2 protein chains.
Amino acid sequence: MKKVTIKDIARIAGVSRGTVDRVINGRGSVTPEVEQRIIKIASDLGYEKNLMASALASNRVFRIAIVTPDPNSDSFWMQPREGIQNALELVKHYGIIVDYFDFNLFRKDEFEMQMENAINSKPDAILTAPTFTQESLEYLEMAEQNNIPFITINTEIHHPDVLCYVGQNSFNSGYLAGRLFYLRLKPGDEIITLNLGHTLANAQHYSDKLAGLREYIQTHHMTENPVYWYEFDQFLDEDKLLEFWQDIKARHPRMKGIFFTNSRAFRIVKFFSPEDSRRYDVVGFDMIDPNIQFLKEDMIDFIINQNPILQGYMGIMNFVNHFVLKKEVKKIQYLPLDIVIKENVDFYIDNFRNHTVAKG
Amino acid sequence: MKKVTIKDIARIAGVSRGTVDRVINGRGSVTPEVEQRIIKIASDLGYEKNLMASALASNRVFRIAIVTPDPNSDSFWMQPREGIQNALELVKHYGIIVDYFDFNLFRKDEFEMQMENAINSKPDAILTAPTFTQESLEYLEMAEQNNIPFITINTEIHHPDVLCYVGQNSFNSGYLAGRLFYLRLKPGDEIITLNLGHTLANAQHYSDKLAGLREYIQTHHMTENPVYWYEFDQFLDEDKLLEFWQDIKARHPRMKGIFFTNSRAFRIVKFFSPEDSRRYDVVGFDMIDPNIQFLKEDMIDFIINQNPILQGYMGIMNFVNHFVLKKEVKKIQYLPLDIVIKENVDFYIDNFRNHTVAKG
DNA sequence: AAATTTTGTGTGTCCGTGCACATGGCGTTT
DNA sequence: AAACGCCATGTGCACGGACACACAAAATTT
């Protein structure tokens, strides 16, 4: 039951610690037959490297560059960061440190700058939310040339060199939204989808979600419920936004389901009258504070949550598994699409926040 | 930026490593004023013990005794075990080992025997699912006398000596079920709650869930929808079970919502005719295979999931946080009540299964 | 054949901490 | 005052592995 050490192997193989070390770590300079013998003995004895001793002796540090949107530019991004911190508490003793390279979610130039900074800092890996898909692919290539792997969260970019992705499946989240509407929709009711934002960022997310919604409706209730699609990117201008909303209301007296394609449901919902709240079924994304508030006030009916804390947590853990524990990691890890309603929201708020975090 | 070590502190304080060691680990035999000086320096420098070196030098192992139902007696229990394994992969290098003490879910004597075995093995902690509430409390006392703390999952027992609990809030899961029924219930429709099982085990769960359901109905639709409560413990006898079900069907022509209070929805649902599936709204618990199957076939409408894999995972992590990292852990950690439907079930199946587990 | 390089192997030290033991000063006992 | 014991402190080794260096034997060059 005692742990097998390099010394044990050396003794049995009739060689010195150094030779075993060379074999175990593939440092070469070992006669092939001796190497084979040592490999056999090690595997027979079920040798496992003592990570403690290894980390201690090598004094190695793993550096991860985190390139994600600045939480100040979009509060959603506090949550992945929280998951990252939680994970770090647990594994920092393996010698893992992170550097943050924040960028304003709405500024491509900042993203590009920080991506370059990150690559120039020569980290062991980059953990990023590649919200600017096209540009991300370029930097992915650049990092690749420097042998820096990409771990992605939240936004999926399809490229063989991405080590892994943790996040939601956008198509299915749209599909799920469709299902949620049909819990209560009646024939003739209209569904309105609202995309508050610049289509260029997260374009893929957006179109996938709509495709999923469309798919659900087509396969289940094709002709009974018309669907209308709207976009509006000046959502920070309250007056214009209100005007936009009133226009839609006027234009769609039979509107019943409202689908917000991103986290900004709260920006429109705050214009709701009490009657509006009763009339409409609202589905939105992401458990950010204003959305939670409106959910509790029955103004938003469903929030589809993609567990952003877990995204950050798993991003780090994937690194640990791959680089420290040398385990294979799944390339695509879709998180559950949590259906959050007033009656279960509280449990989502606290979850995952406490099991790895120091108190007091 | 370099890590502060005991040696650094010793040098600055003008003492030897040994003295610093005595202060850091509270081994006594240090002049009070020297002690104060060292404490101050350590905190000023932000000293953190190197867990790697510590674990290596002390050769300490932490042993956790796992006392949970045998997965062979109830397949639900495979999932917590999976979470435990996942967590272990990640932290076993801190010197954590576990021993399993399985008991048949339906046999109190086995539970008692294994609990005694576990305590006699003198572990550093016991991680248990105290399904037999009353007996658990006795063993809790016994363990307490041996200074063995209890970490509980899945079943909440209220006692100050429990180190922490990870699991669901039963009351709220019943409340949530109420809400799910009212997505589609109409006035006059009846709700039937079915408890397939011995009330004595998990009695607390059962009554809490019903209380939650009752609470929802009373505060929202008090008089419109009658609720009926049934129990049946010979659920393994198919003939009798069918008879029981047909009797209920005959007795409740206006039955619409069916609430299964535990994971055994599948045992009744398999008797459903196609017409039954269309007519009834079924809410049950736990994502075990037969339930998932019936969910996909539209015979179960909602599964309330309490993420059992995460329960096991967090159980271990709580131990690590408390005993290894010396962090405070929250006494009560309610997991989210996941609403699982056909359209999002697939993502729950795979989740958490892969991010810490070796492949291939 | 001597000189040089290459190749394979062994040894010593260090990583930061835990712990057993040594040491030396001081107060108490006889 | 010598003998003893106690307390505060210092020292050395161990934990398992990483890595630099030493060194002998073999292979290559001159």
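Every heavy atom of this structure was used, including side-chain atoms; hydrogens, water molecules and symmetry mates were not. In this text, all values refer to a predicted model and were calculated from it rather than measured experimentally.
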Measure from the side chain of [X], starting at C-beta and using heavy atoms only, and say which of [options] lies closest.
X	options	result
Val34(A)	dT9(C), dG16(D), dG18(C)	dT9(C)
Arg17(A)	dC19(C), dA8(D), dA18(D)	dA18(D)
Thr31(A)	dT9(C), dG18(C), dT17(C)	dT9(C)
Ser16(B)	dA18(D), dT11(D), dT17(C)	dT11(D)
Thr5(A)	dA18(D), dG16(D), dC15(C)	dG16(D)

Protein-nucleotide distance ([X], atom [atom1]; [N], atom [atom2]), rounded to Å:
X	N	atom1	atom2	value
Lys7(A)	dT11(C)	NZ	C1'	13 Å
Lys92(A)	dG16(C)	NZ	P	17 Å
Met52(B)	dA18(D)	CE	C1'	15 Å
Arg60(B)	dC15(D)	CZ	P	18 Å
Glu33(A)	dG8(C)	CD	P	11 Å
Asp21(A)	dG8(C)	CG	P	16 Å
Leu51(A)	dG16(C)	CG	P	18 Å
Asn59(A)	dT13(C)	CG	P	19 Å

Do [X] and [Y] pair up side chain to side chain, a donor and an acceptor below 3.5 Å, judged on atom types alone?
X	Y	value
Glu328(A)	Asn321(A)	no
Gln114(A)	Asn117(A)	yes
Asn146(A)	Lys122(A)	yes
Gln311(B)	Tyr165(B)	no

Remember a base hit wins even if backbone is also touched, and classify [X] as base, sugar-phosphate or nothing at under 4.0 Å, heavy atoms.
X	result
Ser29(B)	base
Arg22(B)	base
Asn50(A)	sugar-phosphate
Leu56(B)	base

- Message: Closest-nucleotide mapping onto DNA chain D: is Val15(B) or Ser58(B) further toward the 5' terminus? I mean the 5' end.
- Response: Val15(B)
On the nucleotide [N], are OP1 or OP2 found under 4.0 Å from the side-chain N or O atoms that [X] carries?
X	N	answer
Lys3(B)	dC15(C)	no
Thr19(A)	dG10(C)	yes
Asn25(A)	dA18(D)	yes

- Message: Would Phe62(B) and Phe319(B) count as a ring pair (Phe, Tyr, Trp, His ring centres under 6.0 Å) here? Give the steps.
- Response: CA-CA 9 Å; Phe62(B) 296 94; Phe319(B) 178 90; 5.8 Å; yes
- Fit a plane to each ring of Tyr313(A) and Tyr313(B), take the angle between them on a 0 to 90° scale, and name the class: parallel (under 30°), tilted (30 to 60°) or perpendicular (over 60°). perpendicular
- Is any side-chain N of the basic residue among Arg81(B) and Asp70(B) closer than 4.0 Å to the acidic one's carboxylate O? no
- Query: Is the side chain of Asn147(A) donor-acceptor paired with the backbone N or O of Ala143(A) at a distance under 3.5 Å, no angle test?
  - Reply: no
- Query: To the nearest 10 degrees, how far apart in direction are the end axes of the helix from dA1(C)-dT30(D) to dT30(C)-dA1(D), each fit to five base pairs?
  - Reply: 60°
